[in-house]
> 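My questions all concern the structure below.
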Amino acid sequence: MSHHPLPSAQDATERLAHKRAKAKLGWYIHATVYLLVNLFLALVAARHAQGWAAFPALGWGLGLLIHGAAVWLALPGGSLYGQLLERERTALQRHQSH
């Protein structure tokens with residue numbers, strides 16, 4: 001039977017930092033592809049005097065917005081996640097002290 005040492009707080013912080021950096025890099029890649037593809041679609045639509053390029057830009061833009069909200073607000077370590085975590089921690093501490 002082997003015993004694995006418990007991860008240190010520094011290890012946990014390092015893992016979280018890697019997870020958040022990877023998620024943010026994923027969003028930056030998503031945003032870059034969004035811009036390039038939609039610029040191309042806008043050029044094609046303009047060349048044929050049509051306005052259809054706005055529709056994929058709006059639909060995909062909503063997906064990009066949701067992806068960004070998940071990365072910057074809801075991911076562990078994000079501001080919304082941090083606020084909710086602190087609120088729950090405070091509520092639990094208050095409940096345990098009674």
Side-chain angles (χ1 to χ4, degrees):
M1 182 161 94
S2 69
H3 292 275
H4 297 287
L6 293 174
S8 69
Q10 187 176 6
D11 291 339
T13 300
E14 185 68 16
R15 278 195 307 280
L16 180 58
H18 280 272
K19 181 179 181 177
R20 290 191 48 75
K22 185 176 178 181
K24 287 181 179 183
L25 180 60
W27 188 86
Y28 286 128
I29 291 169
H30 186 179
T32 300
V33 171
Y34 169 83
L35 288 172
L36 293 174
V37 169
N38 283 290
L39 179 60
F40 173 74
L41 294 176
L43 291 172
V44 169
R47 186 167 186 197
H48 294 90
Q50 297 176 349
W52 54 263
F55 297 107
L58 289 172
W60 191 353
L62 179 61
L64 184 61
L65 180 69
I66 292 168
H67 183 181
V71 168
W72 272 278
L73 298 177
L75 194 68
S79 61
L80 178 61
Y81 179 87
Q83 290 172 9
L84 293 172
L85 180 63
E86 187 58 35
R87 189 178 305 158
E88 289 302 317
R89 188 177 290 130
T90 301
L92 288 169
Q93 288 170 347
R94 194 174 321 127
H95 179 70
Q96 289 174 350
S97 68
H98 284 79

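Quick note: numbers below take in every heavy atom, side chains included, and nothing from hydrogens, waters or symmetry partners.
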> Any sub-3.5 Å donor-acceptor pair from Trp27's side-chain atoms to Leu64's backbone N or O?
yes
> For residues Tyr28 and Leu39: do they belong to one hydrophobic cluster (side chain heavy atoms under 4.5 Å, members Ile, Leu, Val, Met, Phe, Trp, Tyr)?
no
> Check Arg20, Glu14, Arg15 against His18 for a side chain to side chain contact (heavy atoms under 4.5 Å, CB included) and give me the one that passes.
Glu14
> When you look at Asn38 and Leu41, which way does the side-chain contact (heavy atoms from CB on, under 4.5 Å) test go after all the steps?
CA-CA 5 Å; Asn38 283 290; Leu41 294 176; 4.0 Å; yes
> Indicate if Val71 and Leu35 have the same hydrophobic cluster label, given that clusters are the connected sets of ILVMFWY residues with side-chain heavy-atom separations under 4.5 angstrom.
yes
> Is Trp52 reachable from Val37 through a run of hydrophobic residues whose side-chain heavy atoms are each under 4.5 Å from the next?
yes
> Under a single-linkage definition using a 4.5 Å side-chain heavy-atom cutoff for Ile, Leu, Val, Met, Phe, Trp and Tyr, are Tyr34 and Leu43 assigned to the same hydrophobic cluster?
no
> Going from NZ on Lys22 to NZ on Lys19, what distance comes out if it is rounded to the nearest 0.5 angstrom?
10.5 Å
> Rounded to the nearest 0.5 Å, how far does CG of Leu65 lie from CG of Leu58?
12.0 Å
